[in-house]
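Notes for the one structure printed next.
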Number of protein chains: 2
Amino acid sequence: MEEKFKLENQLCFRLYTASRLITQAYYPILSKFGLTYPQYLALLVLWEKDERPVNDIARRLMLETNTVTPLLKRMEAEGVVTRGQGKKDARQMIVKLTKKGRELQKKLTDVPETVGKAVLCESVTPETVPGLFGMLDDIIKQLKQQ
Amino acid sequence: MEEKFKLENQLCFRLYTASRLITQAYYPILSKFGLTYPQYLALLVLWEKDERPVNDIARRLMLETNTVTPLLKRMEAEGVVTRGQGKKDARQMIVKLTKKGRELQKKLTDVPETVGKAVLCESVTPETVPGLFGMLDDIIKQLKQQ
DNA sequence: GTTGTTTATATCGTTCACGATACAAATATA
DNA sequence: TATATTTGTATCGTGAACGATATAAACAAC
């Protein structure tokens with residue numbers, strides 16, 4: 001078996017597994033509020049700036065609209081957001097937080113810290129995290145422009 | 001907007017995005033051979049050691065059998081593996097590479113290097129990758145034991 | 001203004017992930 | 001040897017991701 005094909009030598013497998021496991025770490029908290037992790041991401045984006053077109057949210061999350069549209073529809077069904085046609089541009093679907101959606105921010109106030117703490121370990125500390133962020137950002141930037 | 005809720009401060013979002021984008025980088029190559037990225041991972045595991053039960057493959061990939069079973073069935077339908085009842089333990093489903101499955105290794109010989117090169121950038125180099133691997137491994141280990 | 005192109009969103013089909021659950025074989029216990 | 005428990009795999013339902021495609025509004029060129 002060649003080295004290059006070993007699972008231990010794959011960056012992608014590590015990213016894929018780390019991503020899956022950390023996403024799982026969110027679920028015990030998020031599911032109490034009927035949210036999934038991608039829906040939580042959409043909330044982060046909307047808390048940042050409300051009343052955005054679908055396109056805007058998709059771009060921020062680096063996802064396609066065919067992923068984001070059904071996600072937002074499920075959030076609408078849950079009463080977390082409303083979706084209405086844009087006035088300036090009738091093609092745009094403007095997504096807006098409901099009262100419930102805004103109030104979720106207070107209810108989820110402990111989530112970032114809880115998950116943040118769960119990840120801390122020997123080589124991942126407040127000191128080393130910026131370096132990790134930098135590398136991941138570089139990878140994302142590199143892959144985006146291809 | 002509080003700092004802790006900003007997308008820029010989320011480790012998970014970075015891992016999620018980096019994982020998605022690097023997985024996408026595999027597709028132009030893998031799709032030529034009718035493979036998806038998770039199927040490629042299953043092949044890596046089988047090339048490492050052939051004739052393994054489903055459970056063994058799932059554990060190696062840190063996935064549940066309810067994810068791996070349908071994946072292997074699709075690979076069986078593609079003629080890449082066979083699945084047969086174990087002799088020692090009739091509950092086990094032994095997965096075995098076909099000739100086509102074994103030969104794919106030669107055909108995909110350039111894949112690890114191609115994808116590896118696509119990721120290289122300022123902060124991710126042969127020198128810094130081991131450090132990144134270490135941090136991701138620590139995160140995975142940390143989250144696994146919770 | 002008619003025609004052509006771009007843009008914003010949505011629909012459809014396929015493949016993952018994964019919780020919940022089912023079921024039969026294997027093993028342990030009484 | 002019956003009965004209970006564990007183990008290995010599979011089934012089902014839901015929610016992503018994403019390529020391909022559709023549709024309508026906006027915009028451009030003529």
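Labels below follow one simple rule: chain letters A, B, ... track the order of the sequence lines, proteins then strands, and each chain is numbered from 1.
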Contacting residues from residues 60-81 of chain B, given that a heavy atom lies under 4.0 angstrom of DNA chain D: Thr65(B), Asn66(B), Thr69(B), Lys73(B)
For [X] and [N], what is the distance between atoms [atom1] and [atom2] respectively, to the nearest whole Å?
| X | N | atom1 | atom2 | result |
| --- | --- | --- | --- | --- |
| Arg91(A) | dA24(D) | CZ | P | 14 Å |
| Leu41(A) | dA16(D) | CG | C1' | 12 Å |
| Ile94(A) | dA10(C) | CD1 | P | 11 Å |
| Arg59(B) | dA17(C) | CZ | P | 19 Å |

Report yes if the side chains of Thr17(B) and Leu61(A) come closer than 4.5 Å at any heavy-atom pair, otherwise no. no
Taking only side-chain N and O atoms of Thr36(A), does any of them lie within less than 4.0 angstrom of OP1 or OP2 on dA16(D)? yes
Does Tyr27(A) make a side-chain N or O approach to OP1 or OP2 of dA17(C) shorter than 4.0 Å? no
What nucleic acid atoms does Arg83(B) come within less than 4.0 Å of, heavy atoms only: base, sugar-phosphate, or nothing? sugar-phosphate
Determine, for [X] against [Y], whether the closest basic-nitrogen to carboxylate-oxygen distance falls under 4.0 angstrom.
| X | Y | answer |
| --- | --- | --- |
| Arg14(B) | Asp137(A) | yes |
| Glu103(B) | Lys99(B) | yes |
| Lys6(B) | Glu8(B) | no |

Quick one: does any side-chain atom of Thr65(A) pair with a main-chain N or O of Asn55(A) as donor and acceptor, under 3.5 Å? no
Tyr27(B) side chain to Tyr37(B) backbone, donor-acceptor under 3.5 Å: yes
Closest to the 5' end of DNA chain C, once Gln24(A) and Asn55(A) are matched to their nearest nucleotides, is Asn55(A)
By nearest-heavy-atom nucleotide on DNA chain D, the more 5' of Lys88(A) and Gln39(A) is Gln39(A)
